[in-house]
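See structure below.
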Amino acid sequence: MSISEFLKSYIDKNYILFKKIDNYEYTENSRRLFYSFKQDNPSKELPDGYIVDSYEKNESLYLVNLNTLVKVEISEKTDKIPIDII
């Protein structure tokens with residue numbers, strides 16, 4: 001499955017951000033997050049080449065493509081406006 005096909009079910013209700021990252025280290029935590037995601041979404045398949053980097057049920061899902069080092073951040077749209085203090 002391609003990333004565009006995967007994102008179709010998220011596009012209307014979520015913010016989606018693509019980021020290029022410099023490196024990524026696969027950890028045991030990634031495996032646990034994948035199983036947690038699959039437990040909550042048994043019918044969903046991850047896009048080819050992507051792993052779960054972060055997952056919070058009904059809030060956010062971050063994927064990383066290990067081949068291209070692109071991080072996809074999918075987060076719930078809210079009425080809250082994030083404000084950074086500098």
Side-chain angles (χ1 to χ4, degrees):
M1 166 187 302
S2 70
I3 188 69
S4 58
E5 289 174 41
F6 181 81
L7 293 175
K8 284 180 184 178
S9 64
Y10 292 99
I11 201 122
D12 291 333
K13 301 178 214 163
N14 298 278
Y15 293 114
I16 300 172
L17 178 66
F18 290 82
K19 288 183 178 180
K20 181 74 173 152
I21 57 177
D22 293 329
N23 57 23
Y24 185 80
E25 187 175 322
Y26 182 80
T27 64
E28 187 62 32
N29 191 44
S30 297
R31 181 180 292 162
R32 284 193 296 271
L33 290 168
F34 169 75
Y35 289 124
S36 180
F37 172 77
K38 287 302 284 179
Q39 185 176 13
D40 296 336
N41 304 280
S43 63
K44 287 205 181 223
E45 294 294 324
L46 290 179
D48 296 333
Y50 284 83
I51 62 164
V52 177
D53 180 52
S54 177
Y55 173 67
E56 292 182 36
K57 186 176 182 177
N58 298 324
E59 290 186 25
S60 66
L61 172 65
Y62 293 6
L63 304 174
V64 172
N65 185 310
L66 296 177
N67 299 320
T68 61
L69 292 179
V70 170
K71 185 177 206 172
V72 180
E73 300 179 1
I74 304 165
S75 57
E76 180 182 31
K77 285 185 180 177
T78 63
D79 293 334
K80 299 175 189 172
I81 300 172
I83 298 175
D84 287 340
I85 298 174
I86 300 176

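For reference, positions follow the sequence shown, starting with 1.
- Taking CG of Leu61 as the start and CZ of Phe37 as the end, the distance is 5.5 Å to the nearest 0.5 Å.
- Heavy-atom minimum distance, Tyr62 versus Lys71: CD2-CE, 3.9 Å.
- Within a 6.0 Å radius of OH in Tyr35, no more than 12 heavy atoms belonging to other residues, nucleotides or ligands are found.
- Applying the salt bridge (Lys or Arg N to Asp or Glu O under 4.0 Å) test to pairs two or more places apart or on separate chains, those with a residue in residues 19-37 are Lys19-Glu73, Glu28-Arg31.
- Tested against Asp53 for a side chain to side chain contact (heavy atoms under 4.5 Å, CB included), the candidates Val72, Leu63, Val64 yield a single pass: Val64.
- Geometrically, Lys44 engages Phe6 in a cation-pi contact, judged by NZ or CZ lying under 6.0 Å from the ring centre and within 45° of the ring axis.
- For Leu33, the side chain to side chain contact (heavy atoms under 4.5 Å, CB included) partners two or more places apart in sequence, or in a different chain, are Asn29, Val52, Tyr55.
- Looking only at side-chain heavy atoms (C-beta outward), Leu66 and Tyr24 come within less than 4.5 Å of each other.
- Note: the hydrophobic cluster containing Ile51 does not contain Leu7 (ILVMFWY, side chain heavy atoms under 4.5 Å, direct or indirect links).
- Atoms CG and CG, on Asn67 and Asp48 in that order, are 9.5 Å from each other to the nearest 0.5 Å.
- No continuous path of hydrophobic side-chain contacts links Ile21 to Phe18 [ILVMFWY only; heavy atoms under 4.5 Å].
- Put simply, Met1 and Leu46 are part of the same group of oily side chains (I, L, V, M, F, W, Y) that touch within less than 4.5 Å, one to the next.
- Pairing each heavy atom of Lys77 with each of Asn14, the nearest pair is CE-O, 3.5 Å.
- Residues Ser30 and Thr27 meet the side-chain proximity criterion, which asks for heavy atoms closer than 4.5 Å.
- Within the structure, the salt bridge (Lys or Arg N to Asp or Glu O under 4.0 Å) test picks out no pair touching residues 2-14 (sequence neighbours left out).
- With a 4.5 Å cut-off on side-chain heavy atoms, Ile16 and Ile11 count as touching.
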